[in-house]
Amino acid sequence: MSAGSLEPNFRKSSYSNPNNCVEVAELGGETAVRDSQNPHTGILRLPSSEWVALLHVTARR
């Protein structure tokens, strides 16, 4: 989160492309993930260790 802000500081994931836009934000020990085309639909909060595991599985494909 940004200093003084209650909103996470989202950035576009390097895994995004024009058809699949994913944004991520670090929240201490968690990673927040959302659809940048529909950010109002909510966020998925994962322990950072689970986010790293997901990235490793995705990279192997």
Side-chain angles (χ1 to χ4, degrees):
M1 285 192 233
S2 305
S5 172
L6 296 178
E7 289 294 317
N9 186 20
F10 281 96
R11 67 185 188 287
K12 186 172 276 195
S13 170
S14 61
Y15 286 88
S16 292
N17 64 48
N19 297 319
N20 299 303
C21 299
V22 176
E23 294 180 325
V24 296
E26 297 300 321
L27 305 174
E30 293 183 319
T31 301
V33 183
R34 73 177 180 186
D35 179 347
S36 64
Q37 295 177 344
N38 299 292
H40 60 281
T41 60
I43 62 173
L44 175 63
R45 295 172 75 134
L46 300 166
S48 292
S49 60
E50 294 297 323
W51 176 247
V52 170
L54 177 64
L55 293 180
H56 284 280
V57 169
T58 303
R60 285 188 265 178
R61 292 183 177 189

Next item on the list: Kindly indicate, with the supporting measurements, whether the criterion side chain to side chain contact (heavy atoms under 4.5 Å, CB included) is fulfilled by Glu50 and Val52.
Entry: CA-CA 5 Å; Glu50 294 297 323; Val52 170; over 6 Å; no
Next item on the list: Examine distances only and state if a side-chain atom of Thr31 and a backbone atom of Ser48 form a donor-acceptor pair shorter than 3.5 Å.
Entry: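 No: the side chain of Thr31 does not pair with the backbone of Ser48.
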Note to self: Taking salt bridge (charged side-chain N to carboxylate O under 4.0 Å, His left out) as the cut-off, I'd like each qualifying pair that reaches into residues 31-40, sequence neighbours left out, listed once.
What the structure shows: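 Sorted pair list: Glu23-Arg34.
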Check: What's the spacing between Asn38 CG and His40 NE2 if we round to 0.5 Å?
Finding: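 Spacing of CG (Asn38) from NE2 (His40) equals 5.0 Å.
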Next item on the list: Could you list the residues that satisfy side chain to side chain donor-acceptor pair (under 3.5 Å) with Ser49, not counting sequence neighbours?
Entry: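 Checked Ser49 against side chain to side chain donor-acceptor pair (under 3.5 Å); zero matches.
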Next item on the list: Share the residues that join Phe10 in a hydrophobic cluster, the rule being Ile, Leu, Val, Met, Phe, Trp or Tyr side chains under 4.5 Å apart at the heavy-atom level.
Entry: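 Phe10 clusters with Ile43.
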